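Working notes, structure below.
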Amino acid sequence: MASQEAPKTCKVILADTIAKKLLAEVRDSLPGLKGADAGKPTLAAFLANDDPHAVQYAEWSKKTCEENGFAFDLRRVDKEDLEEAIITANNDAAVDGIIVYYPIWPGNHQQDKYIQETVSLAKDVEGLCHTHLFNMYHNVRFLDPPANQKKSILPCTPLAIVKALEHLQIYNPILAYGNRLFGKTITVINRSEVNGRPLAALLANDGATVYSVDITGVQLFTRGSGIRALRHQVHDKEGWTLKDVLPLSDVVIGGVPVESFKVPIELVRDGAVCINFSSYRNFDGPAVKEKASIYVPSIGKVTIAVLLRNLVRLIANQSVKS
């Protein structure tokens, strides 16, 4: 009698599957968004580098925008002319949102940060202006308290991962909004200012215990015992490494931007959820499927869906009377 192969327990979820629902919501919102004579909502995209990942992201963004009723205006500019080009777009009533593909100056984060601050708060579709980032880190969800009519914008990739976790039902809808990750332990392998650190803060602000890992070590993001604090707190975990945090984690999120890095699968707990948001595969595909219950190999198309969702929110914010 032939031996039966054990059934696979890992379900692979593609970004397309997660993005479809978000894009449907975006399309449904378009008819009531702008006046009949206003034309399509327009996203101005600035490309001032030759990074192949940025070029690919721009191509995906253009395709998704045009398929879902948005105008995508790609503007290739020299990096020395970028600031002036953004200011022009800030003042152009035909432009509803602005995205800039980073890095512009590799190795010079401060110069990139200056460009982030050049984008108008009202058109910052990436949520990278100081006001949006301050609100995110302080767990403030609106721009106009106490009226709470204008929603603050969250960075696209971190928000895309949040939406992926909601789709995977990692968020518990029975709990109160803002506490729906209570009881979950999550490791985020990346602590960049654009992706990893904002993501750790978002997850902790929603109640999770988050281990943030990069080459300098491990930090713990939490709202304290019993999620009593209103916003996350950060504590260094001296001497801790991946071997300490991976066995504790319900969810492992990889975002290391190098081809050589692979999450040590032998340390991942059986049944964990594994999500990759790096341009490279941080997980060995066959190996992770032997350990994980759910594996999401990429998140890029969800990020673009969130980009359009943010654009819709910006336009809605502009229609609110101050």
Side-chain angles (χ1 to χ4, degrees), residues 3-15 17-18 53 157-158 160-172 181-192 195-204 206-222 232 234-300 302-303:
S3 62
Q4 289 186 328
E5 186 177 346
K8 293 286 185 185
T9 56
C10 181
K11 188 169 182 63
V12 177
I13 305 293
L14 300 180
T17 302
I18 303 168
H53 299 303
T157 297
I161 296 167
V162 167
K163 291 299 172 185
L165 291 172
E166 289 179 349
H167 178 88
L168 300 175
Q169 299 181 335
I170 306 303
Y171 276 73
N172 185 348
L181 286 178
F182 181 53
K184 301 295 183 183
T185 300
I186 301 174
T187 288
V188 179
I189 312 171
N190 174 301
R191 198 158 58 242
S192 69
N195 291 320
R197 194 162 81 94
L199 175 59
L202 281 173
L203 299 176
D206 280 338
T209 296
V210 183
Y211 293 106
S212 172
V213 183
D214 76 351
I215 57 173
T216 66
V218 176
Q219 289 184 333
L220 173 64
F221 285 59
T222 176
H232 73 281
V234 182
H235 303 281
D236 290 321
K237 301 295 289 184
E238 295 291 344
W240 281 44
T241 66
L242 282 175
K243 68 178 176 57
D244 298 294
V245 301
L246 289 181
L248 304 175
S249 299
D250 305 297
V251 181
V252 179
I253 302 171
V256 180
V258 295
E259 193 169 7
S260 59
F261 176 80
K262 291 289 184 288
V263 174
I265 296 299
E266 68 277 7
L267 298 176
V268 174
R269 94 188 325 177
D270 288 342
V273 172
C274 295
I275 299 175
N276 179 70
F277 74 86
S278 171
S279 300
Y280 303 97
R281 293 293 170 89
N282 285 177
F283 296 90
D284 178 86
V288 74
K289 291 172 192 175
E290 296 296 326
K291 271 291 191 80
S293 59
I294 300 173
Y295 173 46
V296 182
S298 69
I299 211 77
V302 186
T303 300

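What you are looking at is a predicted structure, and each value in this text was computed from that prediction instead of being measured.
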Q. Is the backbone of Arg197 close enough, under 3.5 Å, to the side chain of Arg191 for a donor and an acceptor to pair up by distance?
A. no
**Item:** Test item: Lys289 side-chain N/O and Lys11 main-chain N/O as donor-acceptor pair under 3.5 Å
**Value:** no
Looking only at heavy atoms, the pair that brings Ala204 and Thr222 closest together is CB-N, 4.0 Å
For Thr157, the side chain to side chain donor-acceptor pair (under 3.5 Å) test, sequence neighbours excluded, returns none
Pro158 and Leu202 have their tightest heavy-atom pair at CB-CD1, 3.7 Å
Between Tyr171 and Val162, the two heavy atoms sitting closest are OH-CG1, 3.4 Å
Problem set entry | Sidechain N-carboxylate O distance under 4.0 Å for Asp206, Lys184 | no
Minimal heavy-atom distance between Ser212 and Asn190, with the atoms involved, is OG-O, 4.1 Å
Ring-plane angle category for His232 and Phe221, please: parallel below 30°, perpendicular beyond 60°, tilted otherwise.
parallel
Strictly distance-based, threshold 3.5 Å: is any side-chain N or O of Asp244 a donor or acceptor partner for the main-chain N or O of Thr241?
yes
Rounding to 0.5 Å, atoms CZ (Phe182) and OG1 (Thr209) come to a distance of 8.0 Å
Within a 6.0 Å radius of atom CD on Glu266, are there more than 12 heavy atoms belonging to other residues, nucleotides or ligands? yes
For Asp250 and Arg269, the nearest pair of non-hydrogen atoms, with its separation, is OD1-NH1, 2.7 Å
Next item on the list: Look at the side chain of Lys291 and the backbone N and O of Ile265, then say whether any donor-acceptor pair between them is shorter than 3.5 Å.
Entry: yes
Quiz item: Within the distance-only criterion (no hydrogens, no angle test), does the side chain of Ser249 pair as donor or acceptor with the backbone N or O of Val252 below 3.5 angstrom?
Solution: no
**Message:** Can a side-chain donor-acceptor contact be found between Asn276 and Ser278 if the only test is distance below 3.5 angstrom?
**Reply:** no
Donor-acceptor pair, Asn282 side chain versus Val256 backbone, under 3.5 Å? yes
Here the pair of heavy atoms bringing Gln219 nearest to Val234 is OE1-CG1, 3.6 Å
